[in-house]
Amino acid sequence: MKLVRNAAEKLTERDPSFAKQQQVVETLIDLASSSDDPYNLLHAASMIRQRFMQDGQQSFANFLHDEIGSLAPIHKELGNAIRFLNVPVATTNYDGLLEAALETENSVTWTQKSEMMRVLRGEASGIAHLHGFWRQPETVVFAVEDYERLTHDEGILFGEASTFAMKNYLFIGMGDGALDPNFSNITRHLKTSLGTSNHYHYLLCRESEKAVLDSKFAGTTIRPTVYGKDYGDLASYLRGLANKTGPARSNLNRLATLRKSSWSKIAQNINGNRLNPADNFDEQTILDSLVEPTFLPLSHEQFIFEKRKQDESKGENGSNIEPISPSLVLGGNDVTLVVGEEHGGLTTTLQWLALKTATSKEQLVPVVLDARALKGSDRLEGAVRRELNSLGADLKKGDPLPPIALAIDNLTYRESERFRVFCRDIASLRAEKVFVGCQLGNEAEIASLIDVEPVLQTVFLGKLGHPEIEKYALIIAPNISSRMVLRVFELLRKEHLPRNPFTVSMVLELMMQAASRPDRLQSQTDVLNEYMQLLLSHAGGSLDARDSLSVLNLERVLTALAREFVTRRSGSLPASDCVDILQNLFDNLDWVESPISWLEKLTVMRVLRSEGSQFLFRQSSYLYLYAAKAAVADQDFMRILLDEPLFFAPVIKHCAALQRDNTNLVVATESLLASWADFHHSGSVFAEGAMLDAPELEENEHSASTEIDPDEENPSSEAKPSEAVVDDRSSYDLSTDTDVVPFPLNDLEQTTQASQLYVAVDLASTVLRDSDAISLKGAKDAALLTIMHSWGVLIDLMETDENLKEGGRQIIQEGVAAGYYSEEVASKILEHVHRDYACLFVLRGINESLRSRKLQPAIDRLYSARSIHEKGIYAITAAAFFEYLSRRSNGSTNLNPLIQALGSRWVSTNLLSYFIRMGYILEELSPKELENYKAIIAIQNDNTFNFKGSKHRLAYLKRTTDHLDKARRKVSAMRAIRRQKMLG
């Protein structure tokens, strides 16, 4: 009543015209206080709510903040007494006084049905606000319409009544609140729907109130109970009740508190180990921020081998090896051994498994132990008890363990009796589930020592493929574009970076930073360079150059090491040599540092690694980058590289990107292609095909308009999620992320012509693309023309190279597994794998090594001078590939005359025709680009078919584009559904 009265006064102060309505409100309040009818008060509140809403929802929110948000506890001893009861707490009040008294921040309202039931059942801590909470104004039950909305919700009504029927409730300070419409409906529901109940409820009252309340609640399960003569007796009465509560209830609440503490610790660890930990995050929804791991029955490399054998036999041997569903790991054997590579996300996976298992049972406590932190003499149960007690369990010697889901991280095999005892402890521990994590290579010995029934389940962590990387990206940045995700995947693959959560998060962070400044990442080298700086700064923490080596200092160290690796033409050096290299550097720069200490730190930072007595760069790409930095700073070292450009090609590529204006590099690498300047084609890719008669069309297909099925205009109606979204796990990415050995092991001169030309044209292309600051246009144009011709020659060489045919088959099968091609498309490609593989390889090569918007002026000059056409069919084909890949904003009009020039050759009427149609269906094209694609399709039709006339030609073109438009709409709908499913 006081709240409604205060609201009326404030509204009148703010708006004098409300004075008459205030008088009505006061009359209704007086009627409510003199009768048992609460609706008088509710009608008064409705007048207040309606006036507030005239000024907007925020006006009512501000009122709640001023009137209720500022309330502070007065009788703290009463709040403490309620807390000592250790029971679920619900209130009809809007304020947060109980949260303050019970030291909880979990305020659950009636709109959160499932969470409120968990609180009322004692399965979760928090305060259940039956009539809403002031911080959430839309939940506040204040006026008649609010009560009607609440009392007509059968789900809430039945849920609340069910808990009344199954538990004993104690009503404190209810007074006439027990007569409100919602409460009256609940008691009525208890009588009519749930029958009799042995669970009585007690409404605490003063002596003077009991007789009246007895008559009001006659015939219900609510029993008025006297706590004393006046309000001051209530706290001592509640403390007396608390002393009488049984140990079972206390144990249940302690278990819930323990579970919450353990969950919180694990969630905090997950958040703290991220690249950018969140200052504020919801611990309870931490699982939503993790990508479901992929589990395999074998290690990644073994799985690839077995899967390829299975594909080759087409299942004839009866084997069917597939990834393991996470649900089978969670619900499988009591003990599971989880095997992962170093930095492969094993720790996060174990935390995910422990938390996910704990969600299956309300009272299950997730526990994660790091085996490295255990003492040598530790027994497993003792370590578990110590962890639980640190979380507040207060377990005494002999007390049974609570139900737990245990994950043991970083278990490393040791040849000792203590280790064998520890493994036996794993088998005998009484736990709901135990997950044991170990690094790849330890699993056989550990598995042999864990003797459990049924047999130990062993699973291996799979690599992140494109679908998992996309899910990971959407969690980090829900608005991230598919193109950026693809760039992340391409960088990982090209630089052979490990596809694990740590690396993926680093690259995603880099890409998102660069999105606001596109000029930062103009080449693959820029991306790698930024990645290394991010890696060093993240792994090294906040390095202060006054007390340690800074990131810039560390780059100097890595450059010195890389130079020596390249000079010796070696991918690794003895530890003693590395120490000498760094000691000389430190002496020259007058740095007082320990070489061996920094070698160890760089290993921990994931930049270097050690194998026995040798040190290596963790990734070959790191070595190439820092060797290039040495060459840019030292021309004598650069000349060493240019003396053997093909051998040092990876380093020279980075040199071009770091300098960007070195014309000598462009000229030097172009000269490597001179041997193929006069090569003449001999393969089927460039053979002219016979013209075919165009198919006859039905009469209605000659019509100027085509009927479209109404469903086609709303493709989402037929693209059901189950049909549109393929299960990503059925197409596990079989590509390897194993690093390449630095520098070629075989003499390039002993390899095939195709291999030699590829290394040369890839090098020349990358150097030209990244030398975007050279001012000699003639040198740039000449190099581009030679490079275009050489890519075309490579197609011919590869088509006739028998050694490459098998490699083509393997890559196409990997494409199927990764979801790049369908089985149908792959089978067609495999019919002529040597021809198709050669074209696809060159298409990908041009995309990765040459394609750049900054080369467009140069190629436009070549078009204007007719140089591309005069150079011949090789240059025309490569230029067509370049234009198709560029997808220029002007509609790629340069592609039209190139397609015309290719005529009926297979490369145009088959391969490029297929890609043009796929681009039409799959790409996001502007109306102008769509029209230009139709023009290209018309040219390809003319180069392939004989038509009876212009009417036949136009009708056939329209039928083709109508089918493509239908497919385009369906793909768009499927893509939207798939993205929604990922986010949901």
Please check: side-chain N/O of Tyr758 versus main-chain N/O of Met798, any donor-acceptor pairing under 3.5 Å? no
What is the minimum heavy-atom distance between Thr503 and Pro498, and which atoms define it? CB-O, 3.2 Å
What verdict does the side chain to side chain contact (heavy atoms under 4.5 Å, CB included) test give for Ser904 and Thr944, after you've listed the backbone C-alpha separation in whole Å, the side-chain angles of each residue and the deciding distance to 0.1 Å? CA-CA 6 Å; Ser904 63; Thr944 307; over 6 Å; no
Do any N or O atoms from the side chain of Ser671 and from the backbone of Ala668 form a donor-acceptor pair under 3.5 angstrom? yes
Any chance you could measure Ser867, atom OG, to Leu785, atom CG, to the nearest 0.5 Å? 6.0 Å
Is any side-chain heavy atom of Asp693 closer than 4.5 Å to one of Phe945? no
Derivation of the side chain to side chain contact (heavy atoms under 4.5 Å, CB included) call for Leu757 and Leu673: CA-CA 7 Å; Leu757 176 55; Leu673 305 174; 3.9 Å; yes
Compute whether any side-chain donor of one residue and acceptor of the other, for Thr909 and Gln940, lie under 3.5 angstrom apart. no
Atom pair CD1 (Ile652) and CG (Asn662), whose distance is rounded to the nearest 0.5 Å: 10.5 Å
Derivation and outcome, side chain to side chain contact (heavy atoms under 4.5 Å, CB included), residues Ile936 and Leu912: CA-CA 10 Å; Ile936 294 172; Leu912 279 172; over 6 Å; no
Relative to the ring of Tyr933, is the ring of Tyr920 parallel (under 30°), tilted (30 to 60°) or perpendicular (over 60°)? tilted
List the residues meeting side-chain contact (heavy atoms from CB on, under 4.5 Å) with Ala858, not counting sequence neighbours, and say none if there are none. Lys780, Asp781, Leu784, Arg861
Which distance, rounded to the nearest 0.5 Å, do you find between the CG of Leu623 and the CG of Leu558? 10.5 Å
Qualifying salt bridge (charged side-chain N to carboxylate O under 4.0 Å, His left out) pairs with a residue from residues 867-879, counting only residues at least two apart or across chains: none
How about His300 and Phe305: are their ring centroids closer than 6.0 Å? no
Go through Arg569 and Phe648 one step at a time and tell me if the side chain to side chain contact (heavy atoms under 4.5 Å, CB included) criterion holds. CA-CA 9 Å; Arg569 302 163 66 97; Phe648 295 118; 4.2 Å; yes
Main chain of Ala627, side chain of His654: is a donor-acceptor contact present, judged purely on distance under 3.5 Å? no
Applying side-chain contact (heavy atoms from CB on, under 4.5 Å) to Thr567 and not counting sequence neighbours gives Arg563, Phe637
Which residue pairs satisfy the side chain to side chain donor-acceptor pair (under 3.5 Å) criterion with at least one member in residues 617-628, sequence neighbours excluded? Ser620-Asp739
Looking at every non-hydrogen atom in both residues, tell me the closest pair between Asn529 and Leu625 and how far apart they are. CA-CD2, 3.9 Å
Residues passing the side-chain hydrogen bond (donor to acceptor under 3.5 Å, both in side chains) test with His789, sequence neighbours excluded, are none
Going by the rule side-chain hydrogen bond (donor to acceptor under 3.5 Å, both in side chains), which residues pair with Lys777 if we only count those two or more places apart in sequence or in a different chain? none
Within the distance-only criterion (no hydrogens, no angle test), does the side chain of Gln659 pair as donor or acceptor with the backbone N or O of Val632 below 3.5 angstrom? no
List the residues meeting side-chain hydrogen bond (donor to acceptor under 3.5 Å, both in side chains) with Gln524, not counting sequence neighbours, and say none if there are none. none
Any donor-acceptor pair under 3.5 Å from Glu468 side chain to Gly465 backbone: yes
Can you find a heavy atom in the side chain of Gln856 that is under 4.5 Å from one in the side chain of Asn894? yes
Give the intermediate values and the outcome of salt bridge (charged side-chain N to carboxylate O under 4.0 Å, His left out) for residues Asp526 and Arg660. CA-CA 11 Å; Asp526 291 340; Arg660 313 201 78 86; 3.5 Å; yes
Any side-chain donor paired with an acceptor under 3.5 Å for Ser765 and Trp791? yes
Taking salt bridge (charged side-chain N to carboxylate O under 4.0 Å, His left out) as the cut-off, I'd like each qualifying pair that reaches into residues 906-922, sequence neighbours left out, listed once. none
Residues 755-770 vs salt bridge (charged side-chain N to carboxylate O under 4.0 Å, His left out), sequence neighbours excluded, gives Lys653-Asp762
Quick one: CD1 on Ile916 to OG on Ser908, what's the gap to the nearest 0.5 Å? 8.5 Å
If you measure from OG on Ser913 to CD1 on Ile937, what distance do you get to the nearest 0.5 Å? 7.5 Å
Residues forming a side-chain contact (heavy atoms from CB on, under 4.5 Å) with Val667, sequence neighbours excluded: Thr663
For Ala754 and Leu794 the tightest heavy-atom approach is O-CD1, 3.4 Å
Of all pairs that satisfy salt bridge (charged side-chain N to carboxylate O under 4.0 Å, His left out), the ones with a partner from residues 666-684, not counting sequence neighbours: none
Set of residues satisfying side-chain contact (heavy atoms from CB on, under 4.5 Å) with respect to Glu931, sequence neighbours excluded: Lys934
Side chain to side chain contact (heavy atoms under 4.5 Å, CB included) test vs Phe489 passes for just one of Ile469, Val507, Val504, namely Ile469
Would you confirm whether Thr786, through its side chain, and Ala782, through its main-chain N or O, come within 3.5 Å as a donor-acceptor pair? yes
If the test is side-chain hydrogen bond (donor to acceptor under 3.5 Å, both in side chains), which one of Asp942, Asn946, Asn941 qualifies with Arg953? Asp942
dist Tyr884:OH -> Ile899:CD1 (nearest 0.5 Å) comes out at 11.0 Å
Which heavy-atom pair separates Leu855 from Leu850 by the least distance, and what is that distance? CD1-O, 3.3 Å
Kindly give the heavy-atom pair with the smallest separation between Ile774 and Val666, and that separation in Å. CD1-CG2, 4.1 Å
NZ/NE/NH1/NH2 to OD/OE distance under 4.0 Å, Glu799 and Arg835: no
State, with a plain yes or no, whether a side-chain heavy atom of Leu797 is found less than 4.5 Å away from one of Phe679. yes
pair Phe947-Leu957: side-chain heavy atoms closer than 4.5 Å: no
Take Asp965 and Arg968 through the salt bridge (charged side-chain N to carboxylate O under 4.0 Å, His left out) test and state the conclusion after the steps. CA-CA 5 Å; Asp965 285 333; Arg968 181 177 174 84; 5.7 Å; no
Side chains of Tyr863 and Glu883: do they bring a donor and an acceptor to under 3.5 Å? yes
Which atom of Lys629 lies closest to which atom of Thr559, heavy atoms considered: CB-OG1, 4.1 Å
